[in-house]
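Have a look at the structure below before the remarks.
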Amino acid sequence: MDLPVDQAFCHRLPKAELHAHLSGSVRRETLHSIWQRKQAKQQCLDLEDPSLALKPAGDYPTVVSFFQIFNKYIYRLLDDAESIADATMPVLEDFRIDGVKYLELRTTPRAIPGPGIDYAEYVHLVRQAIEGWNLARYFHNAHNYELEAHLILSVDRSMTLAQGMEVVDVAIANQALLEPGCASRVLGVDLCGNPSVTPISHLAPAFRRAKDAGLNITVHFAETPTSSTDTELEELFAWSPSRLGHAIHVPPHLIEVVQSKDIALELCLSCNVLSKLTEGGFADHHFGMWRNNGCKVALGTDDVGVFESALSNEYLLAAKHFGLSEGEVVGLARSAISAAWAGKERMMKLLDEFS
Ligand SMILES: [Zn+2]
């Protein structure tokens, strides 16, 4: 357990992924095949080939240009039932192949007027895709679910309160299993989106409703200096999140609040370093600060389709740049599981068997 950590070890490690966005997790090859199918049907003719439209990871000069690839490209390509299913299933397969055993996949419900898809229908389509994939794996793998996958619904910062309420209502309606025998549920809600869009206080009633209905809460927190004012961060604490995403620009007096409330941190090394949300290299990442402060940390990929760093590689990067032994990496995997909203018992058992 004190051996140096290598790629094979991180791959074998049973991992929980708690911070992954569905649209950002779609592989470029998948986007390319969806684009080709649409081109053949004379659809999306004005959209450039994704192999050209999506730049290599690290080539997005600003955080705004990063968000534009979703609004101006990926959302436009994934705009019907077939594309949503065709994008979702390979995402699950990629996490499974990487040794992820538990996944909380987040997605922002979208209304797509052409095919008449509203927020509820969008979530239904994603859930159907998850269950279709689950069923195929279940029969392929001697009646065992290899990957326990659930959903988190995201409220975008740019939404109106009415839209935020609608997302929460859809989340509440999807807390139960789709039907007996299904394996995935909506476990919570998230606040996401371009951090330069402020303020967010108008969305507070939506998160209050989510909390009252028993949903868990996570929020993208202190991602950029603009979204790290005391006013915004204190507002977000008032929403009672049990986890915080990124948590980059947190002032010292609020680090103590995170510690005292035992809030877990969802930290995404490659995303932050490659999109220049953090200064310096991997060794300068605030992962070290939160870890030294004894906080619960869950490594995540954020957008593996964009940054092309699988969760096993995130564990390897943490081990390499922060000098973690095998035993410490297992401890890190346990820390992520302790912050998960379901499946803890099964995951802890898998880790016990592993270590
Ligand atoms: Zn994120």
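Here the structure is a predicted model, which means the values were calculated and not measured. Both ligands and their constituent atoms are indexed starting at 1 by order of listing. Excluded from the calculations below are hydrogen atoms, water molecules and symmetry mates; all remaining heavy atoms, backbone and side chain alike, are included.
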Under 3.5 Å, is there a donor-acceptor pair linking the side chains of [X] and [Y]?
{"X": "Asp230", "Y": "His253", "result": "yes"}
{"X": "Asp303", "Y": "His21", "result": "no"}
{"X": "Glu131", "Y": "Ser184", "result": "yes"}

*Kindly assign one of parallel, tilted or perpendicular to the pair Phe282 and His321, based on the angle between their ring planes and the thresholds 30° and 60°.*
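The rings of Phe282 and His321 lie parallel, inter-plane angle below 30°.
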*asked:* Restricting to under 2.8 Å, identify the protein N, O or S atoms around the Zn ion (ligand 1) as residue plus atom.
replied: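 Protein N/O/S atoms under 2.8 Å of the Zn ion (ligand 1): His19 NE2, His21 NE2, His220 NE2, Asp302 OD1.
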*Restricting to pairs with a member in residues 192-218, which pass ring pair (Phe, Tyr, Trp, His ring centres under 6.0 Å), not counting sequence neighbours?*
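Residue pairs with at least one partner in residues 192-218: Phe207-Trp239.
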*asked:* Against Glu146, only a single residue in Arg137, Arg346, Lys101 fulfils salt bridge (charged side-chain N to carboxylate O under 4.0 Å, His left out); can you say which?
replied: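 For Glu146, the salt bridge (charged side-chain N to carboxylate O under 4.0 Å, His left out) check succeeds only for Arg137.
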